[in-house]
Amino acid sequence: MRKTETAVQRCKTMSALQKILGGKWKLEILYYIAFHDIRRFGKLRRQLGEITESSLTKQLRELEADGFLIRHDFGEVPPRVEYTLSNLGRSFVDVLAYMKRWGEENLPEAEDADALS
């Protein structure tokens, strides 16, 4: 199909959201921080299960850079770091809650998996 002048323009808002939240683990990371108060790196990694340390680090750094998370380094040995939602992240909590409800109602395979978490 050829592109024409009447082609629909990409939605910049949805494109930006996809770029920010398109990482494989980002929505789950935000979900566990927001709804299960999981803030520590190690606990997040255990909760996510299959994620590698480097992937979790990358996803957390990107969420921090995009303004969804705040990283608190306590400057202790051994290192202690916690993540909390920023104002922007907290403003996204209602969206996460709606997405979870929608998934429970419309994705039957998600319901069984959710019972494990």
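Screening residues 13-25 for side chain to side chain donor-acceptor pair (under 3.5 Å) gives Arg10-Ser15 as the qualifying pairs, with residues at least two apart or on separate chains. Listed by first then second residue, pairs satisfying ring pair (Phe, Tyr, Trp, His ring centres under 6.0 Å) with a partner in residues 37-60 number zero, not counting sequence neighbours.
The heavy-atom pair separating Gly67 from Leu88 by the smallest distance is O-CB, 3.4 Å.
The distance from atom NZ of Lys100 to atom CG of Leu27, rounded to the nearest 0.5 Å, is 13.5 Å. Taken to the nearest 0.5 Å, the CD1 atom of Ile29 stands 5.0 Å off from the CD1 atom of Ile51. We find the CG-CE distance between Leu17 and Met14 to be 6.0 Å, quoted to the nearest 0.5 Å. The CG atom of Leu44 sits 11.5 Å away from atom NE2 of His36, with the distance rounded to the nearest 0.5 Å. A distance of 8.0 Å separates CD1 of Ile20 from NZ of Lys26, quoted to the nearest 0.5 Å.
Residues forming a salt bridge (charged side-chain N to carboxylate O under 4.0 Å, His left out) with Lys58 (at least two apart in sequence, or on another chain): Glu62. Arg39 meets the side chain to side chain donor-acceptor pair (under 3.5 Å) test with Asp37; sequence neighbours excluded. In this structure, the side-chain contact (heavy atoms from CB on, under 4.5 Å) partners of Ala97, at least two apart in sequence or on a different chain, are Phe35, Arg101. Contacts of Glu28 classified as side chain to side chain donor-acceptor pair (under 3.5 Å), with partners at least two apart in sequence or in another chain: none. Taking the side-chain contact (heavy atoms from CB on, under 4.5 Å) definition, one finds that Ser54 meets it with Thr52, sequence neighbours left out. Every side chain to side chain donor-acceptor pair (under 3.5 Å) that Asn87 has, sequence neighbours left out, goes to Arg90.
A heavy-atom distance below 4.5 Å is found between the side chains of Leu63 and Leu21. Counting only heavy atoms from C-beta outward, the side chains of Tyr32 and Leu48 approach each other to under 4.5 Å.
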Show me, pair by pair, the donor-acceptor contacts under 3.5 angstrom made by side chains of residues 68-80, not counting sequence neighbours?
unit_1, atom_1, unit_2, atom_2, d
Arg71, NE, Tyr83, OH, 3.4
His72, NE2, Thr84, OG1, 2.9
Asp73, OD1, Gly75, N, 2.9
Glu76, OE1, Arg80, NE, 3.1
Glu76, OE2, Arg80, NH2, 3.3

